[in-house]
Protein chains: 2
Amino acid sequence: MHPFEGISEQHTQTIMKARKRVIEAIGKNMGLYGVTLSVGHLYGMLFFSEKPMTLDEMGKEMEMSKTSMSTGVRMLLDLKMVHRVWEKGARKDLYEAESDWHQTFADYFAIEWRTAVEANVHALNRSAGELRRLLEEHGGDEALASAVSKDLEKIESALSYYDWLDRLIDTLESGKIYDLVPKEKP
Amino acid sequence: MHPFEGISEQHTQTIMKARKRVIEAIGKNMGLYGVTLSVGHLYGMLFFSEKPMTLDEMGKEMEMSKTSMSTGVRMLLDLKMVHRVWEKGARKDLYEAESDWHQTFADYFAIEWRTAVEANVHALNRSAGELRRLLEEHGGDEALASAVSKDLEKIESALSYYDWLDRLIDTLESGKIYDLVPKEKP
DNA sequence: AAGTTTGTACAGTTTTTTCTGTACGTTCTA
DNA sequence: TAGAACGTACAGAAAAAACTGTACAAACTT
């Protein structure tokens with residue numbers, strides 16, 4: 001990261017310091033996306049890099065092993081926070097940070113939260129089915145019916161929440177969210 | 001967790017199995033809220049418990065130390081996923097899972113994401129200020145102006161995103177989100 | 001086809017996090 | 001006011017994770 005040809009040492013320092021503050025902040029808060037401090041830092045670095053970077057360049061800049069860069073980049077790729085870039089006759093793979101953070105946010109939900117919703121809904125439906133069957137077959141048993149009904153209520157309430165969450169994620173994924181909450185300040 | 005008085009062993013098994021599946025799924029996916037598998041599991045357990053639980057009861061049920069229950073509960077309290085319950089002349093503290101998951105979801109953003117937004121915005125503004133000053137004072141320097149402008153653009157784009165995210169969180173916190181994405185299926 | 005170069009799998013090490021047991025301050029009981 | 005019970009701070013042990021170096025397969029160069 002020395003893109004500052006023709007710029008004095010002092011001004012370079014100022015720019016680097018400004019960048020570093022932001023990178024640090026980003027890195028620290030990317031725990032919300034389930035990534036390490038160092039992976040967050042890697043993203044921040046790529047965010048400011050004006051040209052796509054290779055694994056070797058990242059490793060040098062971060063003072064970390066190439067292996068770590070490889071796994072770090074893969075995580076960021078999975079989250080769609082980074083994408084591979086093609087360049088004429090390039091030997092090495094090149095990576096670039098996704099700069100549209102609205103998109104990144106939406107992707108995160110479409111990828112991670114959607115998966116969780118599906119897994120939970122699956123479990124909830126399965127259990128709800130079993131409980132409903134129990135209720136059908138032994139509905140006469142007062143104590144049983146009462147206990148099962150309580151659980152079923154909780155499960156149904158959870159399912160209703162996930163239904164809503166799923167629709168919320170839909171609006172993020174489709175971009176319809178920007179009709180509801182506009183990008184530009186009202 | 002043996003609320004099943006007057007229910008046969010076999011039916012108790014069925015209910016427990018249904019619960020366990022859900023608790024497991026919940027626990028597994030609560031990593032999205034930044035908590036451990038075991039804390040997620042604790043939450044799931046509380047979710048199905050029909051009466052509020054004490055730390056000792058949780059420890060017994062989870063087969064974990066009371067200390068772990070204490071710290072686990074505090075995390076869940078911080079996330080507002082669990083709240084303390086008052087009971088007539090109770091020696092021990094009692095805790096209960098927040099059952100409104102819409103609220104839990106909203107609180108999570110209001111608590112964790114809002115904090116992150118604020119920290120990042122702070123850093124971005126600070127750095128933007130420094131860069132703008134640099135630009136004002138040495139705008140004549142072609143190379144400098146070009147480099148600084150690129151960084152400023154990125155920062156401003158990020159700030160614009162955070163402004164949007166902040167407003168999105170507002171709609172979650174105020175409940176206005178349910179006008180935009182209704183709880184009930186359309 | 002031989003020789004490089006590149007990215008990643010894997011095993012081992014280091015670091016971090018999670019969990020436990022003890023100790024102690026606080027609050028309730030008698 | 002003495003005694004017991006409760007919750008948590010803290011330090012150490014156990015478990016999990018992050019990170020590194022080596023080794024190797026795939027792709028490219030010549």
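Each chain gets a letter, A, B and so on, in the order the sequences are listed, and its residues count up from 1.
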Would you mind writing out the side-chain donor-acceptor pairs for residues 24-44 of chain A within the sub-3.5 Å range, not counting sequence neighbours?
unit_1	atom_1	unit_2	atom_2	d
A:Asn29	ND2	A:Ala25	O	3.1
A:Asn29	ND2	B:Asn120	OD1	2.7
A:Tyr43	OH	A:Glu98	O	2.8
A:Tyr43	OH	A:Trp101	NE1	2.8

| message | Can you pull out every side-chain hydrogen bond (donor to acceptor under 3.5 Å, both in side chains) where at least one residue sits in residues 146-157 of chain B? Sequence neighbours excluded, please. | response | A:Arg19-B:Asp151, B:Arg132-B:Glu156

| query | With B:Ala145, which residues qualify under side-chain contact (heavy atoms from CB on, under 4.5 Å), at least two apart? | reply | B:Leu135

| request: List, by chain and then residue number, the residues other than A:Leu94 in its hydrophobic cluster (Ile/Leu/Val/Met/Phe/Trp/Tyr, side-chain heavy atoms under 4.5 Å); write none if there are no others. | output: A:Val85

| Atom pair distance, as rounded to whole Å: CE in A:Met75 and C1' in C:dT8 | 13 Å

| remark: B:Ala147 and A:Ile7 have their tightest heavy-atom pair at CB-CD1, 3.8 Å

| remark: side-chain contact (heavy atoms from CB on, under 4.5 Å) filter on B:Arg21, not counting sequence neighbours, yields A:Ala123, A:Arg126, A:Ser127, A:Glu130, B:Lys17

| request: May I have the distance from A:Glu57 (atom CD) to C:dG7 (atom C1'), rounded to whole angstrom? | output: 15 Å

| task | Please state how far atom CG in A:Asp93 lies from atom C1' in C:dT5, giving the value in whole angstrom units. | result | 12 Å

| task | Would you mind reading off the distance between B:Leu37 atom CG and C:dT18 atom P, rounded to a whole angstrom? | result | 11 Å

| task | Kindly write out the residues that satisfy side-chain contact (heavy atoms from CB on, under 4.5 Å) with A:Ala110, not counting sequence neighbours, or none if the list is empty. | result | A:Glu173

| request: Check every nucleotide of DNA chain D for an atom under 4.0 Å from a heavy-atom of chain B, then give the first and the last such nucleotide from 5' to 3'. | output: D:dA5 to D:dC10

| query | How does each nucleotide of nucleotides 19-30 of chain C score, in 5' to 3' order, for protein heavy atoms under 4.0 Å: base (B), sugar-phosphate only (S), or none (-)? | reply | SBBB-----S--

Show me, pair by pair, the donor-acceptor contacts under 3.5 angstrom made by side chains of residues 175-182 of chain B, not counting sequence neighbours?
none

